[in-house]
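The next block holds one structure in the form of C-alpha cells; read it before the comments.
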2 protein chains.
Amino acid sequence: MRPPTIRDVAERAGVSKSLVSLVLRGSDQVRPEKREAVLRAARELGYRPNAAARSLSEQRTRTVGVLLNDLRNPWFVDLLDGLNSLLHAHGLHMLLADARLNRRTGQDPADPLLDLRVDGLVVVGTLPDPAALGAVAARMPVVLAGAREPVPPGVDQVAGDDEQGARLVTEHLIGLGHRRIAHLAGYGAVGELRRRSFEATMRAHGLADRAVVENGDMTEEGGYRATVRLLNRPDRPTAVFAVNDITCVGALSAAEELGLRVPQDLSLVGYDNTSISRLRHLWLTTVDNAGHEVGRRAARFLLDRFERPGGEGRPHLAAPTLEIRGTTAPPP
Amino acid sequence: MRPPTIRDVAERAGVSKSLVSLVLRGSDQVRPEKREAVLRAARELGYRPNAAARSLSEQRTRTVGVLLNDLRNPWFVDLLDGLNSLLHAHGLHMLLADARLNRRTGQDPADPLLDLRVDGLVVVGTLPDPAALGAVAARMPVVLAGAREPVPPGVDQVAGDDEQGARLVTEHLIGLGHRRIAHLAGYGAVGELRRRSFEATMRAHGLADRAVVENGDMTEEGGYRATVRLLNRPDRPTAVFAVNDITCVGALSAAEELGLRVPQDLSLVGYDNTSISRLRHLWLTTVDNAGHEVGRRAARFLLDRFERPGGEGRPHLAAPTLEIRGTTAPPP
DNA sequence: GCCCCTCTTTGGACCGTTCCAGAACCTGTC
DNA sequence: GACAGGTTCTGGAACGGTCCAAAGAGGGGC
C-alpha cells in the first residue's frame, strides 16, 4: 500500500530499474517499444518520483527556498511572480517560508529550507539577522530581494531604486507647483534612502528650506499622527510624500479629519503601489517598485550562480515608475 | 567542501555513525561524555542533518504541505498562524505553495509537495479542481481549510460558519432599526451560504419582502457597480451587507459618490475582517472568521489522522464574531 | 576466576533514486 | 564466421541518514 517505486514500475514493464530511470529522465538511448512499456507501467501504477531519494542521489534538489519576511505585507506577490516565471522555465521549484511565523516559535526560519538542502535561497525583505546570511552564502547562492540593507559578501542584491523613486515623487510635486513639501519618513535602509533622496531633490531645486520631515513609523497610525502635527504647523505644507502607502492612508485620514480636501487642498503620495493604493476609494498616487522585474532579476542572479558559483555579490536596482492617481494636484 | 555528514561527525568525535545518530535523536542510552563529544564535534563542524536522507530512511518527512489558493488574498495569514503554532509544537514543519503562481505555469500546484512526500496536506481556500484531492487523500491526511465547497470522501474540512456570520450581520442591522436591507452577493459556496443565510434571517424577522439581493463579483468594482444600481432604486435600502470587505469598499465609494454619508445615511457591513477593513480611513464593520481557530483545528485534524489514519472526513465550523466599527448606525 | 546481566556501542541492511562501467545485443564487413 | 563498432540494457555502488541485531564493556555475586 506504499507508493510505487521505480522497481515496481520496472517489474511491471519487464525491464531493469536502470532503464526505467533512463526513460523517466528522457534519454533517447531507449528503444521506442521499451519506452512505451515503461511509461505505460508508470501511468498504470500512478508512479511519482520520490524527491528525497532523487535529491539524495543527485546532490541537488532543483528547488530554491524563498524566505519571506512577513506574509502580512503582500507587496512581494509580484516579485514572487517574476521569480517563479524564470525559475520554472529552468525546471526549478519554489518553496516558501515565512520568517515571521517561524520566528515566533523561536527557531531560525531558514532552518527547514537549509535542512532540505535547497539549491539556492531568495530572501525577500529585511530579515532580523542579515549577518547570518553570510554563513549560508558560503554554501549556496543567496539573493536578497526587495531590501536595501547592507549585504554580507557573496550575496547578490536586487531591489527597487528608492532614490530614484523618491526623486520621481518629489519632482512630480514640484512640477505641479508645490513648494512647501513634507516627507513622512520611515525607518530602516529603505526609509533612510527615500528621505535622503527627498531632501537632496528639494535641495537641487533650491527648496531646501521648504522641505519638512516628520517621522512616522511606517504604520497607518504613525502616518496619521505625523500628519496631524504637520498640518497644525504655521507653515502648513501643501503636499505630503509618505514613505509608504499605509502611512499615506494614515495621512489621508488626518487630512479628512481636519477638513482638508485631497487633492484640492493637500496632495498626498505613497510608495509601493500596494493593492490598498489601488482601491478606488483611496486611489493614491504612488510609486511602483517594479516587483516583477526585481523577481526576474533575482532569479537571473541565482541561475548565474548555479552555473558559476562564487564571486562577488552583485547589486541591481530596478527602475521604479510613478503611478499618478487621484491624490495629487496643483496646490490651492 | 561539501556539507559535513554524520560520518564526519562520528570520525571527529571518535565514535561510530550509529552513536552519532543516537545522540542526535536524543537517546538516553548514551554515556554523558560520549554525548558531549558528539555534540561538540557536530557544533564544530556546523553539522546539519540532511532532510532528504532522513525522510528517505524514516519514511516520513515531518513536514506538512500548505497549498494556498492565492497569496494576493491574505485573509489566511491568521489561519497559517494557528496552524503553525500547533504543528510546531508537534515537531512538524510547514511548507507553503501558491496554487495561483503554479497554475499559470500549467502544472498541478500540489505536485512539488507530493513529490516531497509531505506527511499531510492542508489546502487553504477554494481550488480549481477539488476532486483531485480525493486521490491525494487516499495516500495522506488532507484537510481543506477556509472553503465551503463539497469535499471528497476522507477529507476533513474546517472553515468559518458563514451562515452564522451572515445571521450576525443581518440581526445587527435589524437590531439597529434597519428594514430595507440589501445584500451584495458573491459566488462560490461561500457566496451562496452567506446569501441564503441573509435571506433566511430576513424571513425569520418577517422582512422577506424588504430584502434585496444584487450580484457583485467579489471585487471592488463589482461592489461599486452593484451599489450604484441599488441606490438608484426607488426603494433605496438603508443598509448594505457585502459578501466581503473588498466589495464593501466598492460600496463605500459608490455611497460617497452619490453624496450619502456612511453610516448616517447608509450602513455598510463587510466580511472577513481583513487588514483593509481595519484601516481607520475605512473602519468597516465586518465579520471576523476566527482564522486562528480554523488553523488550529485544521492542525488538530491532521494530527489525529497521523495517529489513526483513514476514517470519514469530518467537518468543523468555527464560530465567527461581529466586529462593529464605524460603518453601521441606526437608519436616518 | 567465571558467569550472568545490564548498559553502551557498533556494523550492516535498508530507504528510492542516479550514475557508471560493462554486458548483451545488433548490424555490417571482410 | 569472426570481428568491429554502435546501440541498448543492466547490476551494483553511491547518496546520508535510521534502525536492528548483536558485539563489547563493566559490575555484581558466587
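In what follows, every chain begins at residue 1, and chains take the letters A, B, ... in the order their sequences are listed. What you see is a predicted model; the values in this text were computed from it and never measured.
Judged by atom type and distance alone, T5(B) does not reach the base of dG16(D) through any side-chain donor-acceptor pair under 3.5 Å. No donor-acceptor contact under 3.5 Å links the side chain of S18(A) to the base of dT10(D).
We find that CD of E11(A) is positioned 13 Å from P of dT10(D), with the value rounded to whole Å. The CG-C1' distance, from L19(B) to dA23(D), rounds to 15 Å in whole Å. Put simply, NZ on K17(A) is 13 Å from P on dC15(C), counting in whole angstrom units. To the nearest angstrom, C1' of dC7(C) lies 13 Å from CD of E33(B). For R54(B) and dG17(D), the CZ to C1' distance is 8 Å, given to the nearest whole Å. Residue Q29(B) contributes atom CD, which lies 15 Å from atom C1' of dG24(D) at whole-angstrom precision. Computed from coordinates, the N50(B) CG to dT18(D) C1' distance equals 13 Å when rounded to whole Å. R31(B) places its CZ atom 14 Å from the P atom of dC7(C), with the value rounded to the nearest Å.
Salt bridge R12(B)/D8(B): absent, no basic N to carboxylate O contact under 4.0 Å. Electrostatic pairing of D78(B) and R72(A) counts as a salt bridge here, judged by a charged N lying under 4.0 Å from a carboxylate O.
Residue S16(A) has a polar side-chain atom (N or O) positioned under 4.0 Å from OP1 or OP2 of dT10(D). Of the side-chain N and O atoms in R7(A), none sit less than 4.0 angstrom from OP1 or OP2 of dG16(C). Taking only side-chain nitrogens and oxygens, Q59(A) comes nearer than 4.0 Å to OP1 or OP2 of dG16(D). The side chain of R25(A) places an N or O atom within less than 4.0 Å of a non-bridging phosphate oxygen (OP1 or OP2) of dC19(C).
Checking side-chain atoms of D108(B) against main-chain N and O of A110(B) turns up a donor-acceptor pair under 3.5 Å. Judged by distance alone, the side chain of N289(A) and the main-chain N or O of G291(A) form no donor-acceptor pair under 3.5 Å. Here the side chain of R35(A) pairs a donor or acceptor atom with the backbone of S27(A) at under 3.5 angstrom.
Within the nucleic acid shown, R60(B) has no heavy atom closer than 4.0 Å to any nucleic acid atom. When heavy atoms are screened at a 4.0 angstrom cut-off, K34(A) is found touching the sugar-phosphate backbone but no base atom.
Residue order along DNA chain D, read from the 5' end via each residue's closest nucleotide, puts V30(A) first among P3(B) and V30(A).
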